[in-house]
Engineer: 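Sharing a structure, written as structure tokens. Questions coming.
When reading the values below, keep in mind they use all heavy atoms of this one structure, side chains included, and skip hydrogens, waters and symmetry mates. Lettering of chains follows the sequences in order, A, B, ..., and the numbering in each one begins at 1.
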Protein chains: 2
Amino acid sequence: MLTISQLAASAGVTVRAVRHYHAKGLLPEPRRDASGYRRYDAAAVVELIRIRTLADAGVPLSRVQELLSADDDAFAAAIGEIDERLRREIRERREARVRVARLAAGDHLALPDDAVAYLRRLRELGVPELAIEMERDAWILVAAQMPEHMSDLMALKRTQIEDPAVVAMYFELVEASAWPLDDPRLPALVDRLVRMFEHEEHATDDGRPTVELTLDDELVALLDEVFLEAVPIARRLLQLLEARGWTGWTDLRRLPPPDR
Amino acid sequence: MLTISQLAASAGVTVRAVRHYHAKGLLPEPRRDASGYRRYDAAAVVELIRIRTLADAGVPLSRVQELLSADDDAFAAAIGEIDERLRREIRERREARVRVARLAAGDHLALPDDAVAYLRRLRELGVPELAIEMERDAWILVAAQMPEHMSDLMALKRTQIEDPAVVAMYFELVEASAWPLDDPRLPALVDRLVRMFEHEEHATDDGRPTVELTLDDELVALLDEVFLEAVPIARRLLQLLEARGWTGWTDLRRLPPPDR
DNA sequence: CTTGACCTTGACGCGAGGTCAACCCCTCAT
DNA sequence: ATGAGGGGTTGACCTCGCGTCAAGGTCAAG
């Protein structure tokens with residue numbers, strides 16, 4: 001005959017846990033000796049070990065209670081489910097190991113692979129780190145709001161960034177982003193931009209596909225907003241562009257002539 | 001700028017969880033818009049994903065809070081500990097899978113391997129199942145109270161059980177265990193027992209080692225108690241043995257002569 | 001103007017015990 | 001016989017990471 005602490009020790013649990021199982025009706029209350037102490041037999045040892053085996057496998061005690069009185073078929077089915085859950089938990093922990101290991105470094109946390117590759121390409125092209133950080137934050141916001149468009153967008157950006165003319169403009173804009181709003185060099189910059197757009201327009205007329213037209217309005221609005229927020233000078237540039245007959249930032253278009 | 005549900009979705013968590021992190025000081029409260037709604041930037045996305053990465057790895061939120069503001073060395077050390085814990089949890093789940101799989105069948109739950117082997121040998125020798133169950137329960141109690149002695153005891157029992165004389169006595173006792181306490185066949189049985197002891201005694205004098213003498217008193221008391229509890233007729237047998245000048249059950253000895 | 005989706009704070013609930021508190025019981029040494 | 005120590009007993013509150021109301025305020029669309 002065992003005392004409660006001996007029973008508990010035989011299954012490697014605490015006395016408190018055994019009493020908890022009694023309170024929950026998982027383990028039947030044994031008879032008491034003359035002084036009111038609980039006294040256990042071998043069957044209690046077996047039962048307690050069964051409880052712990054299931055509980056250690058992550059089965060909730062309420063489910064353990066059902067299982068202890070289940071028939072063989074139901075029990076076998078339950079064992080199958082438990083095993084499946086354990087395998088899943090093992091898989092999740094393996095994935096967690098990978099993610100935690102990547103935690104120390106980089107952009108991978110909040111961005112998909114292709115966005116990370118795009119940012120890396122910007123670094124290769126010599127874009128200043130500050131500009132890359134702004135760009136990264138912008139893409140994080142886009143990814144948060146419209147993750148389903150990210151892969152198309154990144155494909156587009158990676159194509160654009162390989163065009164030397166676009167890269168040249170990019171560098172001009174990066175440089176300009178630090179200028180004050182009333183910097184005298186701004187009008188000349190905008191003139192160069194407009195000339196470039198008009199050149200592109202002609203090229204497009206020659207039959208080159210205009211990839212941007214596939215972007216939906218909501219996405220364009222988001223991209224515009226994000227970049228206007230991120231780059232202080234962007235609003236001023238937009239004003240100057242509109243004065244020259246163009247509007248939009250992501251989806252650049254000629255304004256309708258003002259006389260209409 | 002993101003609303004709380006957009007932020008939450010970007011990290012795959014619930015809105016409630018994000019608010020919980022604010023309340024715990026894990027994620028700084030962002031600024032509010034005109035209507036009092038929270039508005040988040042890209043940094044919040046990154047931070048939230050960091051929190052979730054750690055939390056998904058099983059790090060308590062209080063620890064996450066420390067880690068987010070820890071220096072690189074402390075952080076790297078913590079990552080090491082987290083990875084170690086994850087590996088341990090994977091190992092535990094693998095072991096749980098094995099134990100759960102064994103749950104459906106048998107004695108292995110509450111007994112060590114050698115005790116299971118001993119019970120299997122009893123079955124091979126044709127011992128009735130009822131007697132084996134009693135014996136199993138007795139050994140479970142012994143294992144619960146003195147697990148450190150089990151391997152020696154089982155070695156001893158396995159040796160004994162290979163001695164045909166012992167096996168013969170064993171069968172007689174098994175049979176007798178079902179008799180009423182006043183069965184007329186009992187005295188003859190005890191006579192046979194005593195004759196066997198005396199024979200053993202002579203054999204021992206011849207130089208055979210007496211293994212039992214290495215058992216300590218506490219263990220002998222436990223074994224006696226367990227078997228006297230388990231087999232109703234054992235007490236009566238003990239009385240009869242003592243009338244013939246022997247005492248003890250596990251550690252059988254001649255009584256001192258009554259005239260002293 | 002209403003509906004329905006979103007946001008706010010605050011409070012309680014759960015699951016598996018841990019951790020007191022306050023008391024009883026038994027044994028052993030003084 | 002007396003106290004100390006190491007069992008046992010019940011009961012009540014604490015923990016953690018949110019889920020789930022409750023009781024509203026806000027916003028865009030029909």
Side-chain angles (χ1 to χ4, degrees), chain A residues 1-27 29-40 44 48 50-68 85 89 92 96 144-145 217-218 221-222 225, chain B residues 1-27 29-40 44 48 50-68 85 89 92 96 144-145 217-218 221:
Chain A
M1 289 296 138
L2 308 177
T3 66
I4 195 169
S5 59
Q6 288 174 322
L7 172 69
S10 78
V13 305
T14 63
V15 169
R16 177 68 177 86
V18 174
R19 288 203 270 251
H20 188 63
Y21 303 153
H22 288 320
K24 288 228 140 189
L26 265 162
L27 194 61
E29 281 278 359
R31 58 184 188 71
R32 307 293 182 110
D33 68 12
S35 56
Y37 290 12
R38 294 177 177 84
R39 289 299 172 156
Y40 298 90
L48 179 56
R50 288 168 64 88
I51 292 170
R52 280 316 311 175
T53 303
L54 289 168
D56 287 341
V59 179
L61 295 190
S62 56
R63 194 75 213 293
V64 171
Q65 194 167 16
E66 295 171 19
L67 288 185
L68 291 179
R85 187 177 43 67
E89 288 176 4
E92 285 166 359
Q145 288 175 269
D217 291 352
E218 216 182 339
L222 172 62
E225 185 206 320
Chain B
M1 287 298 138
L2 307 178
T3 66
I4 195 168
S5 60
Q6 287 174 322
L7 173 70
S10 78
V13 304
T14 63
V15 170
R16 180 66 180 86
V18 174
R19 288 204 270 251
H20 188 63
Y21 302 152
H22 287 319
K24 289 230 141 187
L26 265 162
L27 195 60
E29 281 279 0
R31 55 182 191 73
R32 306 295 181 109
D33 68 12
S35 57
Y37 289 11
R38 293 176 177 85
R39 289 296 172 160
Y40 298 90
L48 179 56
R50 289 168 64 86
I51 291 170
R52 279 316 310 174
T53 303
L54 289 168
D56 287 341
V59 180
L61 296 190
S62 56
R63 194 75 212 294
V64 170
Q65 193 166 16
E66 296 170 18
L67 288 186
L68 291 179
R85 187 176 42 67
E89 288 176 4
E92 284 165 0
Q145 288 175 270
D217 290 353
E218 216 182 340

Engineer: Report the residue (B/Ala55 or A/Ile4) whose heavy-atom-nearest nucleotide on DNA chain D is the more 5′ of the two.
Structural biologist: A/Ile4
Engineer: Specify the separation, in whole Å, of atom OH of A/Tyr40 and atom C1' of D/dT9.
Structural biologist: 11 Å
Engineer: D/dG7 P sits how many Å from A/Arg39 CZ, rounded?
Structural biologist: 13 Å
Engineer: D/dG19, OP1 or OP2 - any side-chain N/O from B/Thr14 closer than 4.0 Å?
Structural biologist: yes
Engineer: Determine the minimum heavy-atom distance between A/Val59 and A/Val64, stating which atoms define it.
Structural biologist: CG1-CG2, 3.7 Å
Engineer: If we count only N and O atoms by modelled type, under 3.5 Å, do the side chains of A/Arg16 and A/Tyr21 hold a donor and an acceptor together?
Structural biologist: no
Engineer: Which nucleotide sits closest to the side chain of A/Ser5: C/dA16, D/dG7, D/dC18?
Structural biologist: D/dG7
Engineer: Work out which heavy atom in B/Leu27 is nearest to a heavy atom in B/His22; give both atom names and the distance.
Structural biologist: O-ND1, 2.9 Å
Engineer: Nearest heavy atom decides the nucleotide; on that basis, is A/Thr3 or B/Arg52 closer to the 5' end of DNA chain D?
Structural biologist: A/Thr3
Engineer: CG of B/Leu61 versus P of D/dG19: gap in Å, rounded?
Structural biologist: 12 Å
Engineer: Given atom NE2 of A/His22 and atom P of D/dG11, what is their separation to the nearest angstrom?
Structural biologist: 14 Å
Engineer: Name the closest nucleotide to the A/Tyr21 side chain, picking from C/dG17, D/dT26, C/dC26.
Structural biologist: C/dG17
Engineer: Would you mind classifying the nucleic acid contact of B/Arg32 as base, sugar-phosphate or nothing, using non-hydrogen atoms under 4.0 angstrom?
Structural biologist: sugar-phosphate
Engineer: Check the pair A/Thr14, A/Val18 against side chain to side chain contact (heavy atoms under 4.5 Å, CB included), reporting the backbone distance first and the verdict last.
Structural biologist: CA-CA 7 Å; A/Thr14 63; A/Val18 174; over 6 Å; no
Engineer: Once you round it to whole Å, what is the distance between P of C/dG15 and CD of A/Glu66?
Structural biologist: 12 Å
Engineer: When you measure from the side chain of A/His20, which nucleotide among D/dG8, D/dG17, C/dA16 comes out closest?
Structural biologist: C/dA16
Engineer: Using a distance-only criterion (donor-acceptor N/O pair, under 3.5 Å, no hydrogens), is the base of D/dG25 paired with the side chain of B/Tyr37?
Structural biologist: yes
Engineer: Could a donor-acceptor pair under 3.5 angstrom be found where the side chain of A/Arg16 meets the base of C/dT19?
Structural biologist: yes
Engineer: Nearest heavy atom decides the nucleotide; on that basis, is A/Ala34 or A/Ala17 closer to the 5' end of DNA chain C?
Structural biologist: A/Ala17
Engineer: Is the phosphate of C/dC7, meaning OP1 or OP2, less than 4.0 Å from a side-chain N or O of B/Ser35?
Structural biologist: no
Engineer: Counting the atoms with a prime plus P, OP1 and OP2 as sugar-phosphate, which does A/Arg38 contact under 4.0 Å by heavy atoms, base, sugar-phosphate, or nothing?
Structural biologist: sugar-phosphate
Engineer: Could you check which of D/dC18, D/dC27, C/dT9 has an atom nearest any side-chain atom of B/Arg19?
Structural biologist: C/dT9
Engineer: Please report, rounded to the nearest Å, how far the C1' atom of C/dA16 is from the CG atom of A/Leu54.
Structural biologist: 15 Å
Engineer: Is there a side chain to side chain contact (heavy atoms under 4.5 Å, CB included) between B/Ile4 and B/Tyr40 once you walk through the steps?
Structural biologist: CA-CA 7 Å; B/Ile4 195 168; B/Tyr40 298 90; 3.6 Å; yes
Engineer: Closest approach of B/Leu2 and A/Ala144, non-hydrogen atoms and distance?
Structural biologist: CD1-CB, 3.7 Å
Engineer: Starting at atom CG of B/Asp33, determine the distance to atom P of C/dT8, rounded to an integer number of angstrom.
Structural biologist: 9 Å
Engineer: Rounding to a whole Å, what distance do you find between B/Glu29:CD and C/dT9:C1'?
Structural biologist: 11 Å
Engineer: From D/dG8, D/dG17, C/dA16, pick the nucleotide closest to the side chain of A/Lys24?
Structural biologist: C/dA16
